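Below you'll find the structure, written out as structure tokens, and then a few comments.
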Amino acid sequence: MTLEDMLAYCASEVLDDRTELVEGDNDDLWSDAFLCRQFNEAARILARRAWAIVEYGVAPAGIITLRTGVSLYRLHPSVLRVFDSTPANQTAVLGRTEDAQLRDTSLGTPYPGDVFNAVEYGMAASLAGGFATLSGAPFAIASDAGSRTVRVFPPPTSAQNGLRVAMKVARLPINELTLDDVEAEPEVPAEFHLQLCEFAAGKALTLPNVDADQKVEGRRLLTAFDEVVRQARQERQRAEASTYRWGFSSATATLGR
């Protein structure tokens, strides 16, 4: 639905707020600007709670460009989650792990699976001089290096300067709806556009200047929207559920063979 369609549906069909008078200004209780703001808020709630917008390698949120010697890169403010990433010069995805693992000095030992305690970790880091010795083509990332910050490991060299890395991300809407472009559509999937309208109607009917009996209907619409968001999150989690069989890798798993 375009913004024009959403305004017509929400104002005329749900709120019944677009009666044209023979003389004078139309008696509109809720402006198009108010409804447009609520459409944007509903889209943000849906995207944040249910991760309704997931895309791969789409600028500006899904692309970072490597720079010589730079390990940390700021993500676009809309990014909620980085699933994986792939440099433009290869087809295989980079390994993804926690930031502490990429900075763990045990990576240089014969036992990369070791987990140091706090004293051992600090001592090893001090003896290793910070561990920032490896550089070259990236082979791993961590998206918990800071709020909306991703770490690329190892730090790129001049050979990788300018290399674009495509990321699969869940994100918030970037381009908000405005009355300057009524032909624009929300960035969330089309199956949720009606629910955005009903959220806006619910917010309108729960304003302080609305009759008490109308507020009941407004709260019902907002509750229904919350249920749609819950189901959208559930459906996404179901779609992403792994179909892999369990892998037994303990020492006892091979007994009797």
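These numbers were taken from a predicted model, which means no experiment stands behind them.
- Not one N or O on the side chain of Arg171 forms a donor-acceptor pair closer than 3.5 Å with the backbone of Gly62.
- In this structure, a donor-acceptor pair under 3.5 Å is present between the side chains of Asp5 and Thr2.
- Placement of Tyr9 and Phe192 within a single hydrophobic cluster is found when ILVMFWY residues are connected by side-chain heavy-atom separations under 4.5 Å, directly or transitively.
- The two residues Thr86 and Ala92 make their nearest non-hydrogen contact at CG2-O, 3.5 Å.
- The closest donor-acceptor contact from the side chain of Gln160 to the backbone of Thr157 lies under 3.5 Å.
- Atoms CD1 and CG, on Ile45 and Leu196 in that order, are 10.0 Å from each other to the nearest 0.5 Å.
- In this structure, Gln90 places its CD atom where more than 12 heavy-atom neighbours from other residues, nucleotides or ligands lie under 6.0 Å away.
- Without hydrogens or angle criteria, Trp30 side chain to Ala204 main chain gives a donor-acceptor distance under 3.5 Å.
- No side-chain heavy atom of Ile64 sits under 4.5 Å from any side-chain heavy atom of Arg164.
- Of all the heavy atoms in Ser71 and Pro155, the pair that sits closest is OG-CG, 3.2 Å.
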Given Val216 and Arg220, is the side-chain contact (heavy atoms from CB on, under 4.5 Å) satisfied, shown in steps?
CA-CA 6 Å; Val216 175; Arg220 186 195 68 80; 5.8 Å; no
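- The two residues Val70 and Leu72 come nearest to each other via the heavy atoms CG1-O, 3.3 Å.
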Test log, rule side-chain contact (heavy atoms from CB on, under 4.5 Å), inputs Val229 and Gln195:
CA-CA 9 Å; Val229 173; Gln195 281 69 43; over 6 Å; no
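- Using a 4.5 Å cut-off on side-chain heavy atoms (C-beta onward), Leu179 and Leu7 make contact.
- Within 6.0 Å of the CZ atom in Arg230, the count of heavy atoms belonging to other residues, nucleotides or ligands exceeds 12.
- Val58 and Phe83 are not part of a single hydrophobic cluster, where members link through side-chain heavy atoms under 4.5 Å apart.
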Between Glu235 and Arg238, is the salt bridge (Lys or Arg N to Asp or Glu O under 4.0 Å) condition met? List the steps.
CA-CA 5 Å; Glu235 291 168 2; Arg238 184 183 301 138; 5.5 Å; no
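- Annotation: Arg48, atom CZ; neighbour count of heavy atoms from other residues, nucleotides and ligands within 6.0 Å is above 12.
- Of the N and O atoms on the side chains of Arg74 and Thr149, at least one donor lies less than 3.5 Å from an acceptor on the other residue.
- Minimum heavy-atom separation, Ala232 to Leu46: CB-CD1, 4.2 Å.
- Residue Leu177 holds its CG atom at 11.5 Å from CG of Leu35, rounded to the nearest 0.5 Å.
- Looking at heavy atoms from C-beta onward, Phe153 lies out of side-chain contact with Thr97 at the 4.5 angstrom threshold.
- Follow the hydrophobic side-chain contacts under 4.5 Å out from Val188 and you never reach Leu172; the two are in separate clusters.
- Proximity of Pro156 to Arg67: side-chain heavy atoms (C-beta onward) are nowhere separated by under 4.5 Å.
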Determine whether Leu222 and Thr206 satisfy the following criterion, side-chain contact (heavy atoms from CB on, under 4.5 Å), listing intermediate values before the conclusion.
CA-CA 9 Å; Leu222 294 178; Thr206 53; 4.2 Å; yes
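- Here the closest heavy-atom approach between residue Pro154 and residue Ala137 is recorded as CD-O, 3.4 Å.
- A distance of 6.0 Å separates CD1 of Ile141 from CG of Leu94, quoted to the nearest 0.5 Å.
- With values rounded to the nearest 0.5 angstrom, Met167 atom CE is found 11.5 Å from Tyr73 atom OH.
- In this structure, Glu187 contributes its side chain and Ile174 its backbone to a donor-acceptor pair below 3.5 Å.
- Judged by distance alone, the side chain of Arg236 and the main-chain N or O of Ala50 form a donor-acceptor pair under 3.5 Å.
- Side-chain contact between Glu198 and Phe225 is absent, with no heavy-atom pair separated by less than 4.5 Å.
- Taking CD of Glu227 as the reference point, atom OG1 of Thr223 lies at 9.5 Å (rounded to 0.5 Å).
- Side-chain contact between Ile53 and Pro173: present, with at least one pair of heavy atoms (C-beta onward) separated by less than 4.5 Å.
- Summarising the geometry, atom CG belonging to Leu80 is positioned 6.0 Å from atom CZ belonging to Arg148; distances are rounded to the nearest 0.5 Å.
- Judged purely by atom type and a 3.5 angstrom limit, Asp144 uses its side chain to pair as donor or acceptor with the backbone of Asp99.
- Side-chain contact between Pro138 and Leu66 is present, with at least one heavy-atom pair separated by less than 4.5 Å.
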Given side-chain contact (heavy atoms from CB on, under 4.5 Å), test Val169 with Glu55 step by step and report yes or no.
CA-CA 6 Å; Val169 299; Glu55 60 187 16; 4.3 Å; yes
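- Cluster annotation: Phe34 is connected to Leu15 through the hydrophobic network of ILVMFWY side chains, with a link wherever side-chain heavy atoms come within less than 4.5 Å.
- Taking a cutoff of 4.0 Å between a charged side-chain nitrogen and a carboxylate oxygen, Lys203 and Glu41 do not qualify as a salt bridge.
- When each of Met6, His193, Met1 is tested with Glu185 by the rule side-chain contact (heavy atoms from CB on, under 4.5 Å), just one qualifies, namely His193.
- Hydrophobic cluster membership is shared by Phe39 and Leu205, with clusters built from Ile, Leu, Val, Met, Phe, Trp and Tyr side chains linked at under 4.5 angstrom.
- Heavy atoms only, all atoms of each residue included: Ile63 and Gly57 are closest at CD1-O, 3.7 Å.
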